[in-house]
**Q** 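Provided herewith is a single structure, encoded as structure tokens, for subsequent inquiry.
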Amino acid sequence: MANKLTSRAEDYSKWYNELVMQADLAQHSEVKGCMVIKPYGYAIWENMRDVLDKMFKETGHQNAYFPLFIPKSYMSKEAKHVEGFAKECAVVTHYRLKTDELTGEVVVDPDAKLEEELIVRPTSETIIWNTYRNWIQSYRDLPILINQWANVVRWEMRTRLFLRTAEFLWQEGHTAHATKAEAIEESEKMLHVYAKFAEEWMAMPVIRGVKSESERFAGAEDTYCIEALMQDGKALQAGTSHFLGQNFAKAFDVKFADKTGKMEYVWASSWGVSTRLMGALIMTHSDDEGLVLPPKLAPIQVVMVPIYKNDEQLAALAAKMDELSAKLTAKGIRVKVDLDDTKKPGWKFAEYELKGVPVRIAMGPRDLENGSIEVARRDTKEKMALQMEGAEEVIEALLNKIQENLFLRSSEFRTNHTTEVNDYDEFKQVLNSKGGFVSAHWDGTAETEEKIKQETKATIRCIPLDAKEEEGKCIYTGAPSSKRVLFAKAY
RNA sequence: CGGGGCGUAGCGCAGUCCGGUUAGCGCACCUGGUUUGGGACCAGGGGGUCGCAGGUUCGAAUCCUGCCGCCCCGACCA
């Protein structure tokens with residue numbers, strides 16, 4: 001039957017969609033722009049969530065939960081914030097349905113109109129800062145270091161599974177500080193937490209940077225970001241951390257008395273990553289056979305498939321597999337022994353490749369005789385024969401090796417797709433041929449950025465934190481520039 | 001909002017142009033048997049308001065009108 005995926009070369013975006021659905025990660029829901037995250041996809045998200053949650057707690061944060069609904073009036077308190085989100089807000093206007101007596105249909109009860117409409121949160125700065133007002137009186141109440149895991153809704157015109165959906169899952173950290181320096185330090189710290197997670201767990205190299213003014217979060221003084229490069233040469237914003245200044249404190253009148261008794265506005269940060277990371281994970285490593293998962297996040301790290309001719313063999317294989325499985329489990333490795341009798345081995349091989357399981361072990365009658373197993377790795381498709389005795393050590397090392405290899409491979413790809421250019425023609429040429437990040441001088445103005453965007457569809461992904469001082473001329477206007485910024489077409 | 005596509009079994013589709021018995025195919029599913037080292041095979045079986053509403057007609061999945069929904073491309077997008 002062969003459920004072949006469209007190849008990446010043929011149609012990258014089709015490949016992505018088919019992969020997400022065939023690997024059982026998610027499907028479109030009946031509601032436009034929304035998705036159903038299926039158990040296998042959700043298991044990956046849970047792994048991400050658990051790791052991140054631990055990292056947040058290790059950096060001193062606590063979880064809390066704020067309401068889904070935000071009174072409309074809150075949204076308008078911070079001018080830039082409302083401007084940025086107004087066009088994509090879902091609004092609750094009524095609180096009751098009733099059965100229409102004439103048609104028998106369920107209709108909105110016009111008598112149940114809300115006095116003040118409620119906004120379904122697109123992000124929670126407003127409701128959280130409105131709450132913080134009552135939590136903060138003194139410098140002794142600071143800092144407040146809170147994170148929440150939640151769903152948010154942004155009524156996007158065009159959506160894509162995981163990359164941009166109308167409703168998505170995320171975490172949002174909201175912190176309050178006594179000083180500007182401390183708030184900046186916090187937003188930078190969390191950026192590095194994200195970068196560490198992306199690189200060490202997702203095996204996805206990221207650029208740490210700062211957004212240009214026009215790409216900044218609505219209501220932020222500065223937006224830090226991690227930017228990743230996908231296999232089709234487009235960039236993906238994988239996480240953001242904002243220094244909010246005193247903007248929300250002023251909008252919601254959140255002041256504290258400092259040590260001298262003087263009233264000051266509170267300084268803020270907010271930071272978030274979402275289920276978009278799933279999209280990033282998929283597009284960083286996967287191939288034409290399906291998903292490729294880094295071992296550290298794979299719901300199943302090792303799958304065992306028996307090959308047999310009769311029940312007797314199956315029983316013998318199952319016993320051996322359970323034995324090895326127990327040894328692997330003892331090492332904290334997530335193992336599945338697939339004894340399903342209704343699927344053939346070949347079918348299972350293809351299926352687990354599609355699902356990105358890092359290591360597959362096959363065991364048949366020959367192995368029973370020889371005390372061996374066949375080990376196949378998903379990232380390189382290599383197969384090798386191993387003695388079953390002591391195999392758990394080799395497999396444990398192999399999982400680490402796969403994790404490393406994925407990071408090396410994607411880092412190499414990014415290096416090969418990052419190009420320094422010094423004039424506009426070259427800039428356009430690189431964008432249209434190999435894509436990727438294009439490192440170029442820019443005069444620092446929003447006008448130039450906008451023009452380049454209009455002409456090439458490339459945006460400034462970020463000003464890398466590690467950009468070195470270098471005299472140069474803006475590729476568009478020729479005006480002087482002191483450092484290079486990264487341009488790319490982006491998701 | 002503009003352009004394109006689609007809506008027929010759980011999934012993927014054909015049939016629609018040119019109306020005509022009982023709406024078909026592949027996968028999946030169920031039963032039995034043979035199989036099992038890279039998506040098995042044979043035989044039998046179950047499953048349908050053809051997106052919705054109206055119209056034309058002796059007769060509509062098919063023609064006409066209206067509506068609804070989703071997907072893709074674009075505009076838009078902390």
Side-chain angles (χ1 to χ4, degrees), chain A residues 1-6 11-14 16-18 20-22 24 27-35 78 80-89 103 121-126 152-161 163-166 168 170 172 211-220 222-225 236-237 239-242 244 270-274 276 289-290 305-311 313-314 317 339-354 360-370 372-374 376 381 383 385 453-454 457 459 490-491:
Chain A
M1 59 171 225
N3 267 341
K4 276 295 242 183
L5 290 170
T6 299
D11 186 338
Y12 193 82
S13 133
K14 202 170 172 192
Y16 176 83
N17 277 320
E18 289 178 2
V20 168
M21 291 193 271
Q22 288 191 32
D24 250 352
Q27 65 180 61
H28 292 289
S29 75
E30 303 299 302
V31 182
K32 182 181 168 65
C34 292
M35 67 176 168
E78 212 290 332
K80 287 207 174 111
H81 189 70
V82 68
E83 189 188 315
F85 285 104
K87 283 178 286 182
E88 51 191 41
C89 284
T103 65
R121 63 181 165 218
T123 179
S124 303
E125 275 78 5
T126 55
V152 287
V153 169
R154 295 181 188 178
W155 214 268
E156 301 284 356
M157 289 173 179
R158 221 165 94 47
T159 57
R160 299 194 66 188
L161 290 168
L163 297 174
R164 178 172 291 108
T165 45
F168 56 93
W170 78 344
E172 45 181 328
K211 287 289 183 191
S212 63
E213 190 181 349
S214 46
E215 297 277 328
R216 205 175 275 161
F217 175 74
D222 253 323
T223 289
Y224 298 90
C225 63
L236 182 77
Q237 177 176 300
T240 47
S241 179
H242 317 290
L244 301 174
S270 71
W271 29 273
V273 295
S274 70
R276 177 180 247 204
E289 269 67 54
V305 178
I307 298 158
Y308 54 94
K309 294 200 194 314
N310 52 50
D311 287 350
Q313 281 181 355
L314 175 59
L317 287 165
L339 298 179
D340 185 350
D341 187 39
T342 65
K343 303 277 196 295
K344 291 189 64 182
W347 191 93
K348 293 179 184 174
F349 291 172
E351 180 68 7
Y352 290 114
E353 270 164 21
L354 181 61
R360 181 186 73 233
I361 294 174
M363 209 177 185
R366 287 205 299 266
D367 297 300
L368 273 183
E369 277 179 33
N370 304 333
S372 60
I373 56 176
E374 181 194 74
K381 309 262 175 59
K383 289 183 191 174
K453 182 180 175 181
Q454 302 245 317
K457 291 188 177 163
T459 49
Y491 276 98

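It should be emphasised that the depicted structure is a prediction, and the values quoted were computed from it without experimental measurement. Below, chain A is the first sequence line, B the second, and so on; all start at residue 1.
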**Q** Give a yes or no on whether a salt bridge exists between A/K381 and A/E289, defined as a side-chain N under 4.0 angstrom from a carboxylate O.
**A** yes
**Q** I'd like to know if the side chain of A/T223 pairs up with that of A/H242 as donor and acceptor (distance under 3.5 Å, no hydrogens or angles considered).
**A** yes
**Q** For a quick check, with a 4.0 angstrom heavy-atom cut-off, what is the B/S/- contact string for nucleotides 68-73 of chain B, read 5' to 3'?
**A** --SSSS
**Q** Using the P atom on both, measure B/C63 against B/C1 and round to a whole Å.
**A**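 The answer is 27 Å between these two P atoms.
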**Q** Checking A/K343 against A/W347: charged group under 6.0 Å from the ring centre and within 45 degrees of the axis?
**A** yes
**Q** For A/S124 and A/E172, which heavy atoms make the closest approach, and how far apart are they?
**A** OG-OE2, 2.7 Å
**Q** Kindly say if A/K344 contacts the phosphate of B/G37, meaning a side-chain N or O under 4.0 Å from OP1 or OP2.
**A**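 Yes, such a contact exists.
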**Q** Is the charged tip of A/R160 near the ring of A/Y491: under 6.0 Å from the six-membered ring centre and within 45° of its axis?
**A**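 No, cation not above the ring by the 6.0 Å, 45° rule.
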**Q** Toss me the dot-bracket line for RNA chain B: Watson-Crick and G-U wobble, both under 3.5 Å, 5' to 3', using | for pairs to another strand and [ ] for crossers.
**A** ((((((((.[[[[.)....(...]]]].((((((.....)))))).....[[[[[..)....]]]]])))))))....
**Q** Let's test your reading of the model: under 3.5 Å, does the base of B/G37 pair with the side chain of A/K383 as donor and acceptor?
**A**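 Donor-acceptor pair under 3.5 Å: no.
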**Q** Could you give the distance separating B/G26 and B/G66 at their P atoms, to the nearest angstrom?
**A**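 It comes out at 38 Å once rounded to the nearest Å.
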**Q** Atom CD of A/Q454 to atom C1' of B/G74: distance rounded to whole Å?
**A** 14 Å
**Q** Please give the distance between the C1' atoms of B/G10 and B/G2 as a whole number of Å.
**A** 35 Å
**Q** Considering only the P atoms, how many Å lie between B/G24 and B/U31, rounded to the nearest integer?
**A**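 After rounding to an integer number of Å, I get 25 Å for this pair.
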**Q** Might you work through the side-chain contact (heavy atoms from CB on, under 4.5 Å) test for A/K211 and A/Q237, ending with a clear yes or no?
**A** CA-CA 10 Å; A/K211 287 289 183 191; A/Q237 177 176 300; 2.9 Å; yes
**Q** Can you tabulate the close N/O pairs, meaning under 3.5 Å, that link protein atoms to atoms of nucleotides 8-13 of chain B?
**A**
none

